[in-house]
Visitor: 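To start, I am sharing the structure in question, which I have written as structure tokens.
Every heavy atom of this structure was used, including side-chain atoms; hydrogens, water molecules and symmetry mates were not. Numbers here simply count residues along the sequence, with the first being 1.
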Amino acid sequence: MTDTLIFDSDWLTPEQIQLDGKTINYLAAHDIQYVQHPVAAIQRLNVFVPAAYDNGWTANAYPPDTAPIFMPNTVGGYFPGPADDPTRTQWPNNAPTIKQALKRGYVVIAAGLRGHTTVNESGQRVGQAPAFIVDLKAAVRYVKYNQARLPGNVQRIITNGTSAGGATSALMGASGKSKFFEGRFPSLGAARATDDIFAVSAYCPIHNLEHADMAYEWQFNGINDWNRSQPVAGSMKNGRPKFESITGTLSANDQSLSADLKRQFCDYLNGLQLHDANGQALTVSPDGTGTFQNYLVQLLTDSAQSALDKGVDIHKYAGFTVTNGKVTGLDLKAYFTSLTRMKAVPAFDQLDLGSLENRLFGDATVLNRHFTSFSQEHTTVPAQLAETELVEPVNPLTYLTGNQSAKIAQHWRIRHGAADRDTSFAIPIILATVLQNQGQDVDFALPWDIPHSGDYDLGELFAWIDGLCQ
């Protein structure tokens, strides 16, 4: 029987793009099936290789066999993430990122991943959790299976993503070789190879969903007005919807639920037994204060100081005290108030099953399900609770704090903007701190005045990768 998972180098054909007034030559292979038995058309990947490697030359000091393999994804809101391309203009895409990566000498492999709206040929939903991570793992296995046929070093695979895509990238790094997913691969006909990776780049990862509602109320409890943007029905243009602003105020019941969730976060956070680089325990008191909150204040102060040193007026946001050019204090509640609350209560596992995350945990017959016992207990609509065995495996923390057997990526770069309201600052801080406490190499920061977004500092990202790989 023909092995349909063998990559043929003849598929690579010359292409070029313009970048900063210069021509970038590369080889490309498009629309490659990375599993033998796909259940949806999106399960395909694209390969992009700097043209220099076709002649055995180096690119950015990388010979063909040592170049990093950069694997970005386009997942957002846990929707399907199509395979990306440096010439792609339809949303979602990270075309500028791929262009810069090729200029940097990286082999880029972009895989299409299922999301909660994915259906098969029969119209049946096939993209709920854990489909997105199963697909990325299958794509990594395809790459490793073809290590002798593809340029690049399969021991230097780096994933990259933003928001739910950042969560996808982080989950890849936390769950290498995890036994939970093994039973998912045979029916897809995934390649017989491993799926652990070398490094993770995660921008504002929307993850740890079981505890995200608690963390959000720890941060925003007492701030009752919210505002956000939502897609306008029927407004799609070039694959992307237009957005409109909506506002609201928490009801008395909402405020009560907020207080309950805040109290639950204290128990959760303290149970993690985190500590900072000096060994000081990071904890939260029942009122929400404590050394963990102090740690957040320091991170935000560092971010503000960096901006101030560059001449930025940090008083765009309230709460900062500046003395002789130094940020000397931060009223955290004032800062959060000026930042503004984005989401109602609960932020993710919505009581009316209205969030994208509720859809993530649906199945072929039920569109939306709750994924926390809190929301199931307080639901305002008839609802089912997703199985713990489904929810926990798509949380990177499951593999980092539990007894799961997984190979964790050695290197992590996590960025969460200091103006990001989509999830609590606590969520990425917990991820970064758990990794640091376990001895992983972690580069973590809250960049000043950056909202929920990614790939805004590619020069720094690629310098980090080069520092690991050259």
Side-chain angles (χ1 to χ4, degrees), residues 7 11-34 38 40-51 68-118 127 131-132 135-136 138-140 142-143 150-152 157-166 168-169 172 201-204 231 235-243 452-459 461-462 465:
F7 180 82
W11 295 341
L12 290 167
T13 58
E15 294 184 4
Q16 60 180 217
I17 50 173
Q18 297 297 311
L19 180 63
D20 300 328
K22 296 182 179 179
T23 299
I24 304 294
N25 293 297
Y26 63 97
L27 305 176
H30 299 270
D31 206 31
I32 300 167
Q33 188 174 298
Y34 59 78
I42 200 170
Q43 292 172 299
R44 293 175 177 270
L45 57 77
N46 299 329
V47 177
F48 308 103
V49 179
I69 297 177
F70 186 64
M71 296 189 68
N73 71 73
T74 60
V75 174
Y78 291 101
F79 283 101
D84 215 350
D85 188 295
T87 63
R88 182 177 170 86
T89 58
Q90 187 175 17
W91 181 84
N93 77 81
N94 298 313
T97 301
I98 296 179
K99 292 177 182 179
Q100 293 287 351
L102 288 170
K103 179 182 178 181
R104 205 84 181 196
Y106 304 164
V107 173
V108 180
I109 299 179
L113 312 179
R114 284 174 289 167
H116 54 73
T117 61
T118 303
F132 68 99
D135 284 355
L136 186 52
V140 167
Y142 178 91
V143 172
L150 283 166
I157 294 176
I158 301 102
T159 56
N160 181 63
T162 298
S163 190
T168 304
S169 181
M172 276 298 304
S201 167
Y203 288 93
C204 54
S235 65
M236 300 292 287
K237 182 178 180 181
N238 196 27
R240 184 170 192 160
K242 291 183 178 180
F243 289 82
H452 194 67
S453 58
D455 292 8
Y456 42 75
D457 58 351
L458 292 177
L461 169 61
F462 293 149
I465 293 175

Visitor: I157 versus M71: any side-chain heavy-atom pair under 4.5 Å?
Guide: yes
Visitor: Does the R44 side chain pair with the main chain of D31, one donor and one acceptor, at a distance under 3.5 Å?
Guide: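 Judged by distance alone, yes, a pair lies under 3.5 Å.
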Visitor: So does P82 get a backbone contact from the side chain of T74, meaning a donor-acceptor N/O pair under 3.5 Å?
Guide: yes
Visitor: List the atom of D85, the atom of A95, and the distance in Å for their closest heavy-atom pair.
Guide: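 Closest approach of D85 to A95, heavy atoms only: O-CB, 3.5 Å.
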Visitor: Measuring from atom CE of M172 to atom CG of L136, what distance do you get when rounded to the nearest 0.5 angstrom?
Guide: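 One gets 4.5 Å once the value is rounded to the nearest 0.5 Å.
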Visitor: Answer whether the closest heavy-atom distance between the side chains of F70 and I98 falls below 4.5 Å.
Guide: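 Not touching, per the 4.5 Å side-chain cut-off.
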Visitor: Give a yes or no on whether the backbone of N73 and the side-chain of N94 come within a donor-acceptor separation of less than 3.5 Å.
Guide: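 Checked: pair present.
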Visitor: I'd like to know if the side chain of Q100 reaches the main chain of T97, judged simply by a donor and an acceptor atom lying under 3.5 Å from each other, with no hydrogens or angles considered.
Guide: no
Visitor: Can you tell me how far apart NZ (K103) and CG (N25) are? Round to the nearest 0.5 Å.
Guide: 13.5 Å
Visitor: I'd like to check L27 versus P14 (side-chain heavy atoms, cut-off strictly below 4.5 Å). Are they in contact?
Guide: yes
Visitor: Could you tell me how the ring of Y142 sits relative to the ring of F7: parallel (under 30°), tilted (30 to 60°) or perpendicular (over 60°)?
Guide: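 If you compare the ring of Y142 with that of F7, the planes turn out perpendicular.
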Visitor: Rounded to the nearest 0.5 Å, what separation is found between the CZ atom of R104 and the CG atom of L461?
Guide: 9.0 Å
Visitor: Show the nearest heavy-atom pair for residues R88 and A83, with the distance to one decimal.
Guide: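 Here R88 and A83 meet closest at CD-O, 4.3 Å.
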Visitor: Should D455 and N160 count as side-chain neighbours, where that means a heavy-atom distance under 4.5 Å?
Guide: yes
Visitor: For A111 and L45, work out which heavy atoms get closest and say how close.
Guide: CA-CB, 3.7 Å
Visitor: Mind listing the closest non-hydrogen atom pair of P86 and L102 along with its distance?
Guide: CG-CD1, 4.4 Å
Visitor: Are D457 and Y203 side-chain neighbours, meaning at least one heavy-atom pair lies under 4.5 Å?
Guide: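 Yes, close enough: below the 4.5 Å cut-off.
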Visitor: Does H30 reach the side chain of F48, with side-chain heavy atoms less than 4.5 Å apart?
Guide: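 Yes - at least one pair of side-chain heavy atoms lies under 4.5 Å apart.
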Visitor: Atom CD of Q16 and atom OG1 of T23: how far apart are they, to the nearest 0.5 Å?
Guide: 5.0 Å
Visitor: Treating S169 as the side-chain partner and S201 as the backbone partner, does any N or O pair qualify as donor plus acceptor under 3.5 Å?
Guide: yes
Visitor: Answer yes or no: is there a donor N or O on one side and an acceptor on the other, between the side chain of N46 and the main chain of A110, under 3.5 Å?
Guide: no
Visitor: Might you point out which heavy atoms bring G454 and T162 nearest each other, and give the distance in Å?
Guide: CA-OG1, 3.3 Å
Visitor: Please confirm whether the backbone N or O of Q90 pairs with a side-chain atom of N93, one donor and one acceptor, at under 3.5 Å?
Guide: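 Yes, the answer is positive, given that a donor and an acceptor are paired below the 3.5 Å cut-off.
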Visitor: Please name all residues satisfying ring pair (Phe, Tyr, Trp, His ring centres under 6.0 Å) with Y106, sequence neighbours left out, ordered by chain then number.
Guide: F462
Visitor: Show the numbers, then the answer: is there a side-chain contact (heavy atoms from CB on, under 4.5 Å) between V143 and Y34?
Guide: CA-CA 9 Å; V143 172; Y34 59 78; over 6 Å; no
Visitor: With side-chain contact (heavy atoms from CB on, under 4.5 Å) as the test, would you mind laying out the steps for I32 and V47 before giving the verdict?
Guide: CA-CA 8 Å; I32 300 167; V47 177; 4.1 Å; yes
Visitor: Using every non-hydrogen atom in the two residues, find where I109 and P72 come nearest and quote the distance to one decimal.
Guide: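 Heavy-atom minimum between the residues: O-CD, 3.7 Å.
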